[in-house]
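Because only heavy atoms are used, hydrogens play no part in the values below, and waters and symmetry mates are left out as well, while side chains stay in. The residues of the chain are indexed from 1 along the displayed sequence.
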Amino acid sequence: MVSWAESVSAFEDAAFWFRQVVPAAAGRWEEVGLGDWTIRDLVGHTSRALLTVESYLGDAECPVEVETAADYFHLALAAIGDPQAVTGRARASGVALGEHPERSVAQISARVTARVSSAGECSRVSTPVGVMRLRDYLPTRTFELTVHTSDLASALGRLDTPPRTAAAESLRLVSDFIMRNGQSLPVLRAVTGRGGLTAGFTVL
């Protein structure tokens, strides 16, 4: 069982890694980032992993509706609907970062990590798919920051390694996805050199 302090540390480390990689994008904002997204779009989308914590976090002791991080992703992915809506939010977030995205990202990161550090683990977050405890929602943000910072680093031709804390938290969540989806056998065989995964395999 991961402690609240460890979970917060993983989130902070993931945010710090994002903040470290973003300045390398200077002058390359309109280059390809991920799929149809530009690098600016990708940075905008990744910044939402921080901003949603800030916008969803409240003080009310509302009844919990979503119990785990894996439940959140299951519900959120089912509710996406039109992928263009996700792209639209990414682009809008990228534009909102202004003329100096690296400066905006640093400010957002500092503000949100301070807010999380001062919040209690049982604080509630009102997500689009239901109310959660912060301690259950935060690993989803660490996962998003870690995965999309790796996307950003790849788009920039960098070989950065994610912080151990953030990678470990993300892989724990991946393990939960695998078990939820009944994918344990092919993954176990693949990671022990006993076979490959099918093209396009994903745990999401």
Side-chain angles (χ1 to χ4, degrees), residues 2 6-23 25 33-35 37-58 66 68-77 79-80 83 85-98 101-117 119 123 125-130 132-156 160 162-163 165-174 176-177 203-204:
V2 177
E6 290 171 323
S7 188
V8 170
S9 179
F11 175 73
E12 291 174 342
D13 290 347
F16 182 72
W17 186 40
F18 177 44
R19 197 163 73 233
Q20 280 186 312
V21 175
V22 168
L34 179 67
W37 293 357
T38 64
I39 286 175
R40 178 182 282 274
D41 298 338
L42 177 56
V43 171
H45 178 78
T46 309
S47 72
R48 285 178 51 78
L50 295 162
L51 291 169
T52 55
V53 177
E54 185 174 56
S55 62
Y56 296 168
L57 188 58
V66 182
T68 71
D71 289 341
Y72 167 82
F73 270 109
H74 175 73
L75 293 167
L77 289 169
I80 282 177
V86 178
T87 296
R89 287 192 294 272
R91 290 186 175 150
S93 296
V95 170
L97 294 174
E102 65 282 3
R103 188 182 306 164
S104 297
V105 165
Q107 292 169 347
I108 292 166
S109 176
R111 189 174 71 236
V112 175
T113 53
R115 179 85 187 276
V116 168
S117 180
S123 298
V125 287
S126 297
T127 81
V129 296
M132 300 180 69
R133 298 178 189 88
L134 180 58
R135 72 182 181 211
D136 300 316
Y137 181 64
L138 198 62
T140 74
R141 304 304 88 196
T142 300
F143 177 85
E144 288 278 330
L145 282 165
T146 304
V147 170
H148 286 309
T149 301
S150 77
D151 290 332
L152 177 60
S154 178
L156 295 172
D160 300 57
T165 50
E169 182 88 309
S170 299
L171 288 170
R172 279 189 290 269
L173 191 47
V174 167
D176 290 343
F177 296 155
V203 300
L204 296 175

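A distance of 11.0 Å separates CZ in R141 from OG1 in T146, rounded to the nearest 0.5 Å. One finds the OG atom of S154 at 10.0 Å from the CG atom of L42 (value rounded to the nearest 0.5 Å). The CD1 atom of I108 sits 5.0 Å away from the OG atom of S47 when rounded to the nearest 0.5 Å.
Residue pairs meeting the salt bridge (charged side-chain N to carboxylate O under 4.0 Å, His left out) criterion with at least one member in residues 87-98, sequence neighbours excluded, are D41-R91.
Within the 4.5 Å cutoff, the side chain of L57 has heavy atoms near those of the S123 side chain. Side-chain atoms of D151 and W37, non-hydrogen and from C-beta on, never get closer than 4.5 Å to each other. With contacts defined as side-chain heavy-atom distances shorter than 4.5 Å, the pair P101/R40 qualifies. Residues Y137 and T52 have side chains in contact (heavy-atom distance under 4.5 Å, counting atoms from C-beta outward). Within the 4.5 Å cutoff, side-chain heavy atoms of V116 are placed close to those of V8.
With sequence neighbours excluded, the residues that form a salt bridge (Lys or Arg N to Asp or Glu O under 4.0 Å) with E54 are R111. Looking at residues two or more places apart in sequence or on another chain, you find a salt bridge (Lys or Arg N to Asp or Glu O under 4.0 Å) between D71 and R180. Annotation: salt bridge (Lys or Arg N to Asp or Glu O under 4.0 Å) contacts of R48 (sequence neighbours excluded): none. When the ring pair (Phe, Tyr, Trp, His ring centres under 6.0 Å) test is applied to H148, the partners found at least two apart in sequence or on another chain are H45.
Ring to ring, F177 and F143 are close: their centroids are under 6.0 angstrom apart.
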Run the side-chain donor-acceptor check on residues 9-20: report pairs under 3.5 Å with partners two or more places apart or on a different chain.
residue, atom, partner, partner atom, Å
D13, OD2, T165, OG1, 2.5
R19, NH1, S109, OG, 2.7

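In plain terms, the two heavy atoms of A153 and D160 that are nearest each other are CB-OD1, 4.1 Å. Shortest non-hydrogen contact noted between T140 and L173 is CA-CD2, 4.1 Å. Minimum heavy-atom separation, E169 to P139: OE2-CG, 3.6 Å. Of all heavy-atom pairs between V2 and S7, the closest is CG1-N, 3.9 Å. Taking all atoms of both residues into account, the shortest heavy-atom contact from A49 to L145 is CB-CG, 3.8 Å.
Side-chain atoms of S117 do not come within 3.5 Å of backbone N or O of T113 as any donor-acceptor pair.
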Q: Please step through side chain to side chain contact (heavy atoms under 4.5 Å, CB included) for the pair T68 and D176, ending with a clear verdict.
A: CA-CA 10 Å; T68 71; D176 290 343; over 6 Å; no
Q) Going through the distances and angles, do R115 and V53 end up as a side chain to side chain contact (heavy atoms under 4.5 Å, CB included)? A) CA-CA 9 Å; R115 179 85 187 276; V53 177; 5.9 Å; no
Q.
If you apply the rule side chain to side chain contact (heavy atoms under 4.5 Å, CB included), what do you find for L134 with V125, and how did you get there?
A. CA-CA 6 Å; L134 180 58; V125 287; 4.0 Å; yes
Q: Would you check, one step at a time, whether the test side chain to side chain contact (heavy atoms under 4.5 Å, CB included) holds for D136 with V66?
A: CA-CA 9 Å; D136 300 316; V66 182; over 6 Å; no
